[in-house]
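Worksheet: one structure, shown below.
A note on names: the letters A, B, ... follow the listed sequences, proteins ahead of strands, and every chain is numbered from 1. Only heavy atoms go into these numbers, but all of them, side chains included; no hydrogens, no water, no symmetry mates.
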Amino acid sequence: MRDNTLKYLLVLPAIVVVFATAIWPLIEAARLSFTVGRLNRPGSLDQYLGWENYAWAFFEEPAFWNSVWVTAIYTILTVALTTILALGLALLLAPGGRLRSGAQTLLILPFAMSPALIGVSFRFMFNPEFGLFDAFFGALIPPLADVSWLADPNLAFAVVVMADVWGWIPFLTLVLIGGLASVPRDTIEAAQVDGASGWRVFRDVTLPQLGPVLAVVIILKSIFSLKTFDQVFMLTNGGPGTATQTLSHYIYFNGMKYGQIGYSASVAWLMVIPMIFLTYAYAKFVFRKV
Amino acid sequence: MSIAPMPEPETFGRNPKRGLSGRQKKRIAEFVQVALILIAIFVMLVPIIWIFLAAFKTHVDVYQLKLFFTPTFENFGTVFDDPYRLGEKLFNSTIVALVTVVFAIPIATLAAYSFSRFTLRGETLMLVIILATQFVPAVVIILPFFVMFRDIGLLDTRLGLILVNLAIVMPFAIWMIKGFIDGIPMDTEEAAMVDGSSRLQVIRNIVLPMAAPGLLTSAIFCFIIAWNEFLFALILTNKNAVTLPIGLALFKGEEGDLWNLLSAAGIIIMAPMFVLALMIRKYFVQGMTMGAVR
């Protein structure tokens with residue numbers, strides 16, 4: 001067979017799978033978003049009502065805006081905290097040696113953990129009676145000694161953020177260590193010989209060189225933060241009230257618990273839009289091969 | 001560090017600390033760093049260790065902050081008994097993750113080879129779309145699948161779960177394997193073609209053996225992702241096809257969570273993944289970033 005035909009035949013199965021498992025559901029979700037779409041009412045999945053679902057989300061549903069707000073704060077906090085802490089840890093671990101390489105290996109472990117299990121383990125750690133972190137923070141900050149973390153809206157939110165940061169620091173650290181390895185050592189040494197302080201070397205030499213990798217890390221983490229569902233579901237299930245209800249959780253709840261497939265599809269599509277921008281930004285870096 | 005300690009020039013630096021030589025400063029800095037690293041390791045491992053401990057505690061000990069206790073293996077028996085029957089979930093998880101990988105890897109390999117070796121019309125667009133599908137929120141994908149599976153009777157089946165899992169695994173697999181094939185030099189292939197081998201023979205006899213370690217790495221990577229997958233299984237299964245992460249919800253008793261059993265189940269979920277992840281740790285970053293960072 002000629003290569004010219006073969007090369008398309010080789011990608012065909014993959015394209016079919018990607019189309020069937022990702023493109024089709026996106027299109028079908030868009031269609032559903034314009035329908036009445038009640039799971040328990042046969043025929044309502046083909047009953048069109050225009051933009052009403054979107055209008056409902058925007059103008060009639062404070063819970064929608066609540067989840068937008070929760071997701072936004074959650075994303076900003078987790079991206080910032082994870083990136084900063086991971087950068088610090090990467091700088092600490094990058095030089096290598098037995099202790100540091102060993103620590104790098106251990107970093108794999110939290111990342112291999114199912115996010116659902118991370119949620120479970122943090123619920124365990126913050127149990128008011130026998131949670132280890134609960135006891136630790138209680139001893140450190142006395143006003144927190146007798147609070148029930150997951151029952152307080154703000155503290156529950158803090159726990160959800162902590163769980164996410166805990167789960168993602170290892171991966172981002174490993175990526176940044178990879179990035180640091182590509183910063184030429186002689187530039188750093190030259191700066192040191194010139195008498196630049198550690199902080200100056202970091203700010204003027206390391207950080208600019210690390211820029212593209214840092215951008216990749218921030219985009220990737222933003223995408224995963226926006227999508228967050230598993231830990232939230234296992235840790236707080238959106239509660240108390242709706243204090244930790246992320247968009248994914250809001251969509252899940254409306255679609256699966258209340259059977260409002262049409263409405264939840266419209267919110268889901270609203271969520272796709274920022275993803276398109278982030279993916280576009282990410283693709284630029286992938287093709288540049290930082 | 002292999003560089004000889006350099007005498008710190010006294011005149012440099014805005015605020016030279018008097019009384020400390022450069023070597024002393026360096027030693028203090030190293031001490032602070034080691035301390036910070038140890039704290040970081042501790043924080044990273046504590047939740048995991050805590051689960052490991054709790055899994056060996058009795059249902060009395062687990063409700064206290066105890067570091068020392070008489071270990072018991074009872075929990076690991078209980079979770080496999082009625083009414084929890086974790087064995088069924090373990091079986092489902094294994095089958096679903098395994099079959100997902102068995103489908104995904106060959107399909108991804110063919111596509112990755114083509115993307116790597118040929119120039120296709122619309123290649124960049126195809127690659128971007130494949131990349132983009134990874135970033136689509138799972139909750140968007142699952143709504144239409146739920147409706148369709150309900151209509152054709154695929155709800156709560158392992159087959160249904162495998163089909164949607166392909167959606168999350170394929171982009172990783174294609175991008176990762178493409179990275180590995182990009183790294184294989186083309187001369188051997190060209191030589192074999194000159195000797196009269198067909199393209200498919202070349203793929204089978206030369207590319208596959210050379211890419212085998214990469215394919216295995218990608219397979220393990222995809223297995224971990226499929227194993228840990230949560231949202232699809234939560235929505236699509238309720239009894240027969242329940243996987244391990246969803247099975248965690250079983251251990252909510254009437255008086256709250258049964259932490260000793262939850263922890264035992266947690267170990268069963270995470271221990272195999274730890275082993276697999278350690279096997280492919282060198283490629284983890286490349287895989288997760290789809291080759292944006294190597």
(Q) Can you tell me which portion of Leu234(B) sits under 4.5 Å from chain A's heavy atoms? Options are side chain, backbone, both or neither. (A) side chain
Q) So which of Val140(B), Ile51(B), Thr109(B) has the biggest tally of heavy-atom pairs under 4.5 Å with chain A? A) Val140(B)
Q.
Let's test your reading of the structure: which of Ile168(B), Ile224(B), Val147(B), Asn165(B) forms the most heavy-atom pairs below 4.5 Å with chain A?
A. Val147(B)
Q.
Strictly below 4.0 Å, N to O, side chains only: are Arg117(B) and Glu123(B) in salt-bridge contact?
A. no
Q.
For the backbone of Val202(B) and the side chain of Glu189(B), can you confirm whether one donor and one acceptor N or O come within less than 3.5 Å of each other?
A. no
Q | Pairs of heavy atoms under 4.5 Å with chain B: top-ranked of Glu28(A), Gln104(A), Met125(A), Met271(A) | A | Met125(A)
Q) If you tally heavy-atom pairs under 4.5 Å against chain B, which of Leu174(A), Leu226(A), Val120(A) wins? A) Val120(A)
**Q.** Region of Ala108(B) that comes under 4.5 Å of a non-hydrogen atom in chain A
**A.** neither
Q: For chain B, find which of Thr279(A), Leu26(A), Asn4(A), Leu12(A) contributes the most heavy-atom pairs closer than 4.5 angstrom.
A: Thr279(A)
Q.
Looking at chain B, which one of Met275(A), Met256(A), His249(A) has the largest number of heavy-atom pairs inside 4.5 Å, strictly under?
A. Met256(A)
**Q.** Result of checking Tyr252(A), Tyr250(A), Phe253(A) against Phe233(A) for ring-ring contact (aromatic ring centres under 6.0 Å, His included)
**A.** Tyr252(A)
(Q) So for Phe230(B), is it side chain, backbone, both, or neither that comes closer than 4.5 Å to the heavy atoms of chain A? (A) both
Q. Between Ile251(A), Leu107(A), Leu39(A), which shows the greatest number of heavy-atom pairs under 4.5 Å with chain B?
A. Leu39(A)
Q. When you measure from the centre of the six-membered ring of Phe224(A), is the NZ or CZ of Lys227(A) under 6.0 Å away and within 45° of the axis?
A. yes
Q: Go through Leu32(A), Leu220(A), Leu99(A), Leu132(A) and name the one with the most non-hydrogen pairs under 4.5 angstrom from chain B.
A: Leu132(A)
